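Here the structure is laid out as structure tokens; the discussion comes afterwards.
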Number of protein chains: 2
Amino acid sequence: MNVTDKTIRHVAREANVSVTTVSRVMNGSEKVSPATREKVLKAAEKLHFTPSRTAIALVTKRTRTVGVVVPYLDNSIFSSMIHEIEQTLSELGYFLVIAVSNNRIEEETKSADRLLAMGAEGLILSGADHDAALLSRLGVRNIPVIFTSIWNEAAEYPTIGYDNFGLARIAVRHLEKLGHRSIAVLHGPSDRSDRTRERIRGLVEGKSDRTTLLFFEGEVSAEAGARGTRRALERSPKPTAVIGLSDIIALGAIFEANRQGLTLPADLSIMGFDNLEWSEECCPRLTTLELPTRRMARAAAEAIVAKLETDQPIAPICFDGSLIIRESTAPA
Amino acid sequence: MNVTDKTIRHVAREANVSVTTVSRVMNGSEKVSPATREKVLKAAEKLHFTPSRTAIALVTKRTRTVGVVVPYLDNSIFSSMIHEIEQTLSELGYFLVIAVSNNRIEEETKSADRLLAMGAEGLILSGADHDAALLSRLGVRNIPVIFTSIWNEAAEYPTIGYDNFGLARIAVRHLEKLGHRSIAVLHGPSDRSDRTRERIRGLVEGKSDRTTLLFFEGEVSAEAGARGTRRALERSPKPTAVIGLSDIIALGAIFEANRQGLTLPADLSIMGFDNLEWSEECCPRLTTLELPTRRMARAAAEAIVAKLETDQPIAPICFDGSLIIRESTAPA
DNA sequence: CATTTGTGTGGAAACGTTACCACTTGACGG
DNA sequence: CCGTCAAGTGGTAACGTTTCCACACAAATG
């Protein structure tokens, strides 16, 4: 990689052994006498030898790299997911390459191909909804894939995630128990995200017949949350509760409610989804659904490495999330 | 990389030409007759041939990969910076690998080494404050490095960023012009971030003698912002303004002020730093300093590629930020 | 004592490209 | 008609590892 870089051959000469032997001690493997091992280690040290990952990759046909593509990076649980994956991978001696898709199928496809081109041996994707051509390409190349942030046993690839449907149902029931019968739902682009669709389905199927849901679609941003809230409050009768299918959307709702002079949660209950870092600090503190992001991330990373190392099949896992009741929801 | 992967040799045989010729057409370079080119392209297509990046890297000693390590990913301008760098790099035919340091020198050092191990040929770091051993390692290996998010002509490596000092001075003067004389400053760990130190210095040196600054240090989070605000409001006389050296800190301040029943901005002016996506949507809309993140990111990516390609020296650049006055600041 | 079994070591062929050099054409100018 | 040149093409040695195979030698076995 560099002018000053030494190769295994330099080390071999320095230690007066064969390249084979150097290779052996560098890999800690095989039978090498302690004396020889010591000699080699000393020589390597002296020459500042670093094995060429490129050469290793070429001959072993292994890059020890996994790719993950997430819909967003900012204001989302995905950044903590990435962090956990990176940590796990690193512990296992693997590398991580990432890309963001902005929740767009075409961008995701492009990103995934890019990650593959970078040498990713396995892919962790979000949701189960992907470009068919991409999936078939992954299939023929026999690339291990895991779908995360979702739970769907019928998906083309194993899912390691959580039950968006069930969680959303918990959310709507919480609101119903408080007496809310007219609820505004603020969500991101549903056609681009099966996670969102699942949540919406959970809301719809989880609610009782007496409850009315009003849907407002926008981006996953505070701005969209504010706008959705504005539109919701123009309706009559006004909804008594708002649920943002992302905390950042809920935050926008809080901003807008504040701006309209409402008293929270008395005038309007607001719920989020994600339990982001600031959610607890919010005013009012945000009632939300905690997602098992870290556990999920770790499990996914471990599973894909296991698949890569020993080719053992990836077992789908569904982690539990939980309702966190705080101050932003109150009786209707 | 895969069982089904074809090599350049397969293509050569299929097209009935030499590997050299295939190589030439794959690189679009050199003289190849249109007929031959066509033949080769067709063969490559037919065999689903993808050149092995690993092999190319081995022989060319080029990975076309640059690494960037950022202090944080979430709630920060860094995620948009990453996004812009990735885009630029991608346009230039380069790859990006990233790591996050949590603003810790040791973690940054580990991350940087990891990125190097992954094959990064150049590094983009945040701030100018880094582990001396790392820097010397980069020096001997002759790795191009750019420091971003800061402006410091005296730094060991070229800086492409903005003037934290000057921007902070603008901030404090804005508050002074509104009549604020007692200002609470909420900031992240200053010993771990020269960007923060620069901002603090800008505040201190920019203020007039009649103004008092109260400093509260914490993490870069809403929670820390809230706590700092709480402590600040216990002082007497109470500060009439709060400036968070990150928008997320300012957000925490807003939450806490709301919680204490203050009317914003009448009872307390609040300023941020970053102009994150939700800052405009905030209630009250947040007065903050907009940072030239995207321009900076693009410039850094372009500069490091130029350095890698043609070895032309990296010219330091200082981009302008700007004060965005919104509703969260008012006369004292 | 002859044979087998380990144990430690080295030689050299891959891995999939690029890049240097050499070669074959046919065209062109003198 | 010969020499020169350019365009197009191919042969092959790298690049830095791993891994298969072979081998030397000592210890254990019959």
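A quick note: this is a predicted structure, and the numbers were derived from the prediction, not measured. Just so we're on the same page: letters track the sequence lines, and every chain starts at 1.
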Rounded to the nearest Å, what distance is computed from the CG atom of residue B/Asn16 to the C1' atom of nucleotide D/dG8? 15 Å

Rounded to whole Å, please give me the gap between CZ in A/Arg64 and P in D/dT17. 16 Å

Applying side chain to side chain contact (heavy atoms under 4.5 Å, CB included), name anything that partners B/Ala155, two or more places apart in sequence or on another chain. B/Ala128, B/Phe147, B/Asn152, B/Thr159

Taking atom C1' of C/dT18 as reference, at what distance in whole Å does atom CZ of B/Arg53 sit? 16 Å

Nearest whole Å is fine: how far is D/dG16 P from A/Phe49 CZ? 10 Å

Phosphate oxygens OP1/OP2 of C/dG10: is one of them under 4.0 Å from a side-chain N or O of A/Ser18? yes

Name the residue closer to the 5' end of DNA chain C, choosing between B/Ala55 and A/Thr36 according to the nucleotide with the nearest heavy atom. A/Thr36

Hey, does the side chain of A/Thr63 reach the backbone of A/Gly119 with a donor-acceptor pair shorter than 3.5 angstrom? yes

Under 4.0 Å between a side-chain N/O of B/Thr7 and OP1 or OP2 of C/dC15, yes or no? no

For B/Glu84, give me all partners under side chain to side chain contact (heavy atoms under 4.5 Å, CB included), at least two apart in sequence or on another chain. B/Thr88, B/Arg294, B/Ala297, B/Arg298

How bent is the helix from C/dC1-D/dG30 to C/dG30-D/dC1, comparing axes over its five end pairs at each side, to the nearest 10°? 50°

A/Lys39 NZ to C/dG10 C1': how many Å, rounded? 12 Å

For B/Arg9 and C/dC15, what is the distance between atoms CZ and P respectively, to the nearest whole Å? 8 Å

So, does B/Ser52 get its side chain near the phosphate of C/dT17, meaning an N or O under 4.0 Å from OP1 or OP2? no

D/dA14, OP1 or OP2 - any side-chain N/O from B/Lys61 closer than 4.0 Å? no

Would you mind listing every salt bridge (Lys or Arg N to Asp or Glu O under 4.0 Å) that reaches into residues 69-80 of chain B, with sequence neighbours excluded? none

Please list all pairs meeting ring pair (Phe, Tyr, Trp, His ring centres under 6.0 Å) that have one or both residues in residues 60-112 of chain A, counting only residues at least two apart or in different chains. none

Does B/Ala133 have any side chain to side chain contact (heavy atoms under 4.5 Å, CB included) partners at least two apart in sequence or in another chain, and if so, which? B/Asp131, B/Arg137

I need the minimum non-hydrogen distance between B/Glu121 and B/Arg62, along with the two atoms involved. OE1-NE, 2.6 Å

With sequence neighbours excluded, what pairs up with B/Ile8 under the side chain to side chain contact (heavy atoms under 4.5 Å, CB included) test? B/Val19, B/Val22, B/Ser23, B/Phe49

Using whole Å, report how far CG of A/Leu58 lies from P of C/dA13. 17 Å

I'd like a table of atom pairs between the protein and nucleotides 18-22 of chain D - only N or O on both sides, under 3.5 Å - with the distance next to each one.
unit_1 : atom_1 : unit_2  : atom_2 : d
D/dT18 : OP1    : A/Asn27 : OD1    : 3.4
D/dT18 : OP1    : A/Asn27 : ND2    : 3.1
D/dT18 : OP2    : A/Ser23 : OG     : 2.4
D/dT19 : O4     : A/Thr20 : OG1    : 3.3

Please, which pairs that meet salt bridge (Lys or Arg N to Asp or Glu O under 4.0 Å) have at least one residue in residues 93-107 of chain A, sequence neighbours excluded? none

